[in-house]
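Here the structure comes first, spelled out in structure tokens, and everything after it is commentary.
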Amino acid sequence: MPFRSIVGHRRLLALLSRAVARDTLPPALLLAGPAGVGKRRAAMAIAEAVNCLKPQQDVVSGFPGRRSAEREGGSRTEVSGSRTDSGAAEFTRDACGECPACRRIQRGVHPDVIVIEPGDMGSIKIEQVRDVIDRADYRPFEGRRRVVIIDEADALMPAAQNALLKTLEEPPSASMFVLVSSIPDALLPTVRSRCSRLRFAALSTSEVTEVLRRDHEYSEQDARAVAVDAEGSVGRALQAESADLVEAREGAQRLLEYTARAGDPSRRLDAARDVTGKKSTSVGERDQLAACLRALGSLIRDVSILSAGGDRGLIGNSDLEPQLASLAKSFDGKRSASAYAAIDEALAALERNASPKIVADWLVLQL
Ligand SMILES: [Zn+2]
């Protein structure tokens with residue numbers, strides 16, 4: 001997948017693309033950040049951009065509706081993405097995605113692009129690493145540069161990490177190593193220090209929605225409901241039960257609309273019944289209420305953006321924008337902020353094993 005097709009992380013990807021064009025990619029990279037945000041895709045995009053037979057120059061691409069924002073910080077060897085790092089970007093050099101080299105890389109059969117990942121036992125053994133170290137000394141077979149991608153690099157056994165050290169220190173000029181990890185601190189400090197680290201941030205709700213719709217055939221409604229509960233991770237979204245989350249988000253929306261109108265406490269408590277008591281087990285009930293509360297938090301966040309006249313591109317539940325806009329009349333900044341704090345407290349109470357019914361009752365009176 002070329003850089004331009006990856007959702008989010010525009011600044012980091014543009015930086016990588018520029019480094020490929022200038023031939024200044026560090027020989028050892030560590031792509032760090034939450035699981036399921038596209039780090040492995042970025043590693044594959046590097047391999048494609050390096051070895052594509054018909055590379056494209058100066059491709060302008062952007063995920064629509066979002067603006068790009070730079071974040072301060074980051075040293076020479078550490079660059080960070082950010083949640084708003086998703087506007088248009090210019091890729092100095094990008095893969096075509098269609099030539100024989102790109103296709104072979106995508107199918108995992110390019111002789112110079114080697115992906116190492118944990119085996120059945122969940123770890124990466126020294127034999128797997130020895131094999132690529134031996135190959136790294138030879139010239140690439142057909143590509144410009146051999147790219148060794150170590151996915152879930154934190155699963156490298158200590159002996160395997162030690163075997164890698166010397167190669168990472170003085171990598172053969174025709175090879176580069178891309179380590180991918182969501183828990184980089186689990187790597188030996190000696191391995192980490194030999195890699196230039198790129199820090200990937202969580203995706204925005206809209207970006208997760210975009211990936212679910214484009215690559216995983218989710219409907220708009222399912223994608224939104226799952227995305228608001230995914231903490232910016234497509235991987236997490238894909239593991240979720242979309243039916244339950246659709247129900248949770250619908251429940252949250254009804255609750256919000258109801259409390260916006262009803263001041264009468266007893267009628268509000270009826271609304272609380274609506275979001276609890278449908279699951280047969282107490283664990284199911286607790287999880288479902290927690291999902292509903294997280295969806296409610298996401299809706300209130302959107303309402304507060306609308307009531308403050310903020311950037312509509314930041315709205316996570318953009319399919320509900322008309323309904324949220326009318327709710328924004330009842331929820332000014334102050335009410336939104338206190339509702340948000342109450343949701344936080346309710347979620348904490350659920351974690352402490354408080355009764356879902358009591359939590360729901362308490363919450364509806366706070367909104
Ligand atoms: Zn190509």
Side-chain angles (χ1 to χ4, degrees), residues 1-31 33 36-64 68 79 81 85-117 131-132 135-151 153 171-180 196 198 200 203 207 210-211 213-217 234:
M1 176 177 282
F3 289 125
R4 62 185 173 280
S5 304
I6 296 175
V7 174
H9 315 301
R10 313 317 282 176
R11 192 168 75 92
L12 286 185
L13 298 178
L15 192 85
L16 285 167
S17 159
R18 203 155 55 235
V20 174
R22 294 178 182 165
D23 226 357
T24 55
L25 268 180
L29 277 173
L30 171 58
L31 310 188
V37 301
K39 300 185 300 298
R40 179 174 170 144
R41 284 184 169 187
M44 298 301 287
I46 294 170
E48 278 186 44
V50 165
N51 288 306
C52 175
L53 302 174
K54 294 179 190 162
Q56 306 198 354
Q57 315 292 335
D58 302 324
V59 187
V60 178
S61 163
F63 176 51
S68 161
V79 181
D85 187 11
S86 53
E90 183 171 313
F91 299 114
T92 322
R93 178 187 164 113
D94 201 0
C96 73
E98 289 164 3
C99 71
C102 282
R103 288 195 183 281
R104 276 206 283 279
I105 293 169
Q106 289 154 13
R107 290 202 308 271
V109 294
H110 193 291
D112 300 315
V113 176
I114 302 156
V115 179
I116 300 180
E117 54 197 338
D131 184 47
V132 294
R135 281 201 260 176
D137 281 334
Y138 297 98
R139 302 281 319 157
F141 290 100
E142 58 178 66
R144 287 174 64 230
R145 198 173 182 191
R146 179 174 294 111
V147 182
V148 178
I149 296 167
I150 307 183
D151 195 15
S173 60
S175 292
M176 68 170 294
F177 288 78
V178 185
L179 279 62
V180 175
S196 294
L198 293 177
F200 284 66
L203 295 170
E207 287 163 351
E210 160 95 354
V211 177
R213 296 201 65 194
R214 189 190 69 181
D215 301 340
H216 302 281
E217 295 174 358
V234 174

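Ligands are counted one by one from 1 in listed order, and the atoms in each one are counted from 1 as well. In this text the structure is predicted, and so the values were computed from the model without any measurement.
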Note, the Zn ion (ligand 1) has protein N, O or S atoms under 2.8 Å numbering 4
Would you list the atom pairs, donor with acceptor, under 3.5 Å between side chains in residues 16-24 and any protein atom, with sequence neighbours excluded?
residue	atom	partner	partner atom	Å
Ser17	OG	Thr92	N	2.9
Ser17	OG	Arg93	N	2.9
Ser17	OG	Arg93	O	2.8

Check: Under the 3.5 angstrom rule, does the side chain of Asp112 hit a backbone N or O of Phe141 as a donor-acceptor pair?
Finding: yes
Taken in chain and number order and not counting sequence neighbours, the residues that satisfy salt bridge (Lys or Arg N to Asp or Glu O under 4.0 Å) with Glu98 are none
- prompt: Is there side-chain contact between Arg10 and Phe3, with at least one heavy-atom pair below 4.5 Å?
  reply: no
Hits for side chain to side chain donor-acceptor pair (under 3.5 Å) against Arg145, two or more places apart or cross-chain, chain-then-number order -> none
*Are there more than 12 heavy atoms of other residues, nucleotides or ligands under 6.0 Å from atom CD of Glu217?*
no
